[in-house]
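Every chain is numbered from 1, with letters handed out A, B, ... down the list of sequences. Excluded from the calculations below are hydrogen atoms, water molecules and symmetry mates; all remaining heavy atoms, backbone and side chain alike, are included.
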2 protein chains.
Amino acid sequence: MPQPSRRRRASISDVARLAGVSVGTVSNVLNRPQRVSAATRERVEAAIAELRFVPNGSARQLRVGSMTTAGAIVLDLTNPFFTDVARGMEDRLAQDDWTLMVASSEEDPERETRFLRLFEEHGVQGVALVPSTEDVDRLLALHERGVRVVLLDRPSPVPELASVAVDDVAGAAMAARHLLAQGHERLVFLNGPRTIHQCADRHAGVVAALAAAGLDPHEALEEVTVPLNADGGEQGARELLARRTGRPVAVLCVNDLVALGVLRTLRREGVDVPGEVAVVGYDDVTFAAELTIPLTSVRQPTHDLGWTAADLLVRGGAAESVVFQPELVVRESSGGAA
Amino acid sequence: MPQPSRRRRASISDVARLAGVSVGTVSNVLNRPQRVSAATRERVEAAIAELRFVPNGSARQLRVGSMTTAGAIVLDLTNPFFTDVARGMEDRLAQDDWTLMVASSEEDPERETRFLRLFEEHGVQGVALVPSTEDVDRLLALHERGVRVVLLDRPSPVPELASVAVDDVAGAAMAARHLLAQGHERLVFLNGPRTIHQCADRHAGVVAALAAAGLDPHEALEEVTVPLNADGGEQGARELLARRTGRPVAVLCVNDLVALGVLRTLRREGVDVPGEVAVVGYDDVTFAAELTIPLTSVRQPTHDLGWTAADLLVRGGAAESVVFQPELVVRESSGGAA
DNA sequence: ATTCGTCCGTGAATCGATTCAACCGTGACG
DNA sequence: CGTCACGGTTGAATCGATTCACGGACGAAT
């Protein structure tokens with residue numbers, strides 16, 4: 001008789017052998033305890049405890065299909081916006097006893113693909129992701145293979161995929177209009193790469209607002225591409241300072257982390273905000289209101305975004321497309337506060 | 001011949017049939033392409049493309065054992081401290097092409113257990129976690145079942161488990177000493193539940209510092225237990241304000257989110273910081289320096305913490321116990337800035 | 001006494017990929 | 001011409017849990 005090696009995990013048949021029953025019975029104890037007589041059930045449970053048996057998920061999954069698990073892929077785990085979304089998802093998933101696994105793509109399409117594959121291999125029911133590219137073919141393929149897919153924070157370009165988004169064009173336009181209303185005639189837009197959909201949309205929103213105000217976007221808008229984090233903001237701010245003209249400048253940041261970097265740099269350099277430079281952020285993260293110079297920002301229903309995405313995943317019906325509306329929160333950094 | 005159902009995912013044997021080869025050959029194409037002649041390899045690859053075949057991870061895992069995947073369980077995904085740690089882990093894991101799945105226990109031991117189980121069932125190589133309780137039995141059991149375990153942000157109480165931590169007793173003591181040096185003789189400590197190890201250690205540090213200064217901790221320290229987030233800070237601040245004495249108060253917060261909530265509330269109520277209330281945080285998160293009143297905080301090597309934890313997971317050798325030293329960063333909120 | 005129904009429990013088939021011993025040319029070499 | 005080596009391929013065993021058709025035992029009903 002092969003001695004079960006010290007290192008190997010106990011399997012269901014080890015339990016069965018120890019308890020003197022068949023594997024089928026052990027499985028029944030695990031999944032349908034009522035169908036097993038009290039006496040045998042106790043024997044089996046004792047054996048399980050003795051061997052510290054934990055069922056092998058891969059085997060179960062192979063047999064059964066998939067588990068009540070969802071995956072989320074965000075662009076940057078260190079951005080509070082995304083973690084708030086994740087929190088919203090968790091809150092919804094918890095209601096149905098699903099579990100959420102989170103991964104961060106770092107805006108890298110390859111990492112994103114790897115995680116999609118990983119999640120699929122792990123048999124998740126569905127995936128919510130903030131895509132790092134415009135390409136949805138992989139997602140459609142995934143969807144066809146039976147994995148539910150919800151696009152996060154961007155509308156779905158195809159009817160097959162569900163999506164939950166906030167109107168980025170409108171949000172960016174609001175922010176731009178606000179700065180124009182403060183008397184600025186030129187805007188600097190610290191944006192991320194436009195391959196990211198939100199960045200493209202926010203750019204479009206700014207352009208639209210300028211055009212609507214009768215300004216030529218080519219003249220009135222300068223877009224600077226920076227990394228989507230505080231360092232990116234610092235980098236953008238340095239670039240601005242390098243060619244200081246003395247005239248007031250209006251800076252629109254693609255998110256609050258970038259704005260944080262900008263404010264940090266301007267403060268170090270002793271630049272007056274909003275006098276010399278007006279700053280607007282995007283996302284209205286927790287700390288936006290509490291900064292040295294409270295930050296004007298575009299608020300998004302972050303938690304609801306995640307909640308709704310998870311809801312679509314769990315309900316899994318038709319591919320809905322939900323769009324929320326953002327809201328401008330004016331504070332001191334833009335010079336518009338009372 | 002059974003028609004492969006429209007809904008079912010293609011399996012390796014579907015591919016084999018279509019390509020007119022055996023399953024073994026398909027597997028070879030997938031895993032050891034050199035051993036297959038160019039001609040058959042192309043046929044197989046064509047079949048794979050046509051059927052949009054994606055190997056079933058459960059089956060592979062069942063056969064092979066585990067994957068190059070690690071799990072991380074943190075207390076709160078919306079706390080930048082933990083996401084920075086996760087980022088550190090990812091950076092290390094990327095070097096060895098491992099992937100990281102993150103989960104948030106919300107300080108709930110039951111959720112924690114569920115995730116541990118989930119990760120184990122998914123065959124992760126190892127788990128790094130910030131435990132929500134003192135109890136390490138489950139972790140030891142996990143470890144014995146062959147899953148590598150690293151305790152995050154707290155030293156291991158047992159030699160079998162690896163750990164990466166920051167000296168919380170020292171950090172809290174530094175913070176407390178600093179406040180005492182500013183002339184305060186009583187401290188309010190907004191702490192989380194002491195069942196969480198960091199909270200217990202930081203409390204111990206404060207007590208030690210008071211004792212070392214010749215003060216009676218029972219007299220000089222008031223501990224208020226609050227949730228470990230900004231709302232917790234708000235709650236704590238309200239409690240303080242309710243019994244305002246007019247005398248300056250020193251508040252030590254168990255983390256920067258709590259401090260953020262305190263500052264927010266004090267600002268709304270028009271309380272002078274640091275004049276009326278001095279505030280110290282813990283973690284020195286990104287935005288701590290940029291707040292209305294820049295926050296004095298205890299800096300931890302967050303990224304290194306995660307990096308080192310992941311390193312231990314990947315290397316998987318003996319159960320090391322690494323302890324980093326924190327550092328006090330003095331800013332205005334405590335009244336100690338220059 | 002026979003039949004039927006329940007209740008428990010069994011054991012083999014199944015999921016899909018991996019692995020490895022065995023096999024089959026084909027060409028080289030003695 | 002026989003033997004050997006070797007690259008390429010096969011097919012069956014394997015991983016561990018689930019499921020289901022089947023059977024034994026026992027009590028109740030006819």
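Straight-line distance from the CZ atom of B:Arg145 to the C1' atom of D:dG16: 16 Å, rounded to whole Å. Between the CG atom of B:Asp14 and the C1' atom of C:dG16 there is a distance of 10 Å, given to the nearest Å. If you take CZ of B:Arg32 and P of C:dC20, they are 8 Å apart, rounded to a whole angstrom. Nucleotide D:dT9 holds its C1' atom 18 Å from the CZ atom of B:Arg17, rounded to whole Å. Atom CD1 of A:Ile48 is separated from atom P of D:dG16 by 16 Å (rounded to the nearest Å). B:Asn56 has its CG atom 13 Å from the C1' atom of C:dT14, to the nearest Å. If you take CZ of A:Arg63 and C1' of D:dT18, they are 5 Å apart, rounded to a whole angstrom. The CD atom of A:Gln61 sits 12 Å away from the P atom of D:dT18 (whole-angstrom rounding).
Of the side-chain N and O atoms in A:Asn31, one or more sit less than 4.0 angstrom from OP1 or OP2 of D:dT18.
Between A:Arg154 and A:Glu134 there is a salt bridge, since a side-chain N of the basic residue sits under 4.0 Å from a carboxylate O of the acidic one.
Between B:Thr25 and B:Val64, the residue anchored closer to the 5' end of DNA chain D is B:Thr25, taking for each the nucleotide with the nearest heavy atom. With DNA chain D read from its 5' end, the first of the two nearest nucleotides for B:Ser22 and B:Leu62 is the one closest to B:Ser22. Each of B:Gly24 and B:Ser58 lies near DNA chain C, and the nucleotide nearest B:Ser58 is the one positioned closer to the 5' end.
Between A:Thr83 atom OG1 and B:Phe82 atom CZ the span is 12.5 Å, to the nearest 0.5 Å.
Nearest to the side chain of A:Ser27, among D:dG16, C:dA17, D:dT19, sits D:dT19. Counting only heavy atoms from C-beta on, B:Arg60 has its side chain closest to C:dT18 among D:dT9, D:dA17, C:dT18. For A:Val21, counting side-chain heavy atoms from C-beta on, the closest listed nucleotide (C:dT10, D:dG16, C:dT18) is C:dT10. Taking the side chain of B:Ala59 as heavy atoms from C-beta on, and the options C:dT18, C:dA17, D:dT18, the nearest nucleotide is C:dA17.
Between B:Val136 and B:Ser156 the shortest side-chain heavy-atom distance does not fall below 4.5 Å. Side-chain contact check for B:Phe119 versus A:Met101: some heavy-atom pair is nearer than 4.5 Å.
Residue contacts shown for A:Ser37 are limited to sugar-phosphate atoms, with no base heavy atom under 4.0 Å away. Here A:Val36 lies in heavy-atom contact (under 4.0 Å) with sugar-phosphate atoms only. At a threshold of 4.0 angstrom between heavy atoms, the contacts of A:Thr40 are confined to the sugar-phosphate backbone, with no base atom among them. Within 4.0 Å of A:Val26, counting heavy atoms only, lies no atom of the nucleic acid at all.
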Could you walk me through whether A:Arg87 and B:Asp76 pass the salt bridge (Lys or Arg N to Asp or Glu O under 4.0 Å) test, one step at a time?
CA-CA 9 Å; A:Arg87 168 65 71 94; B:Asp76 174 10; 2.9 Å; yes
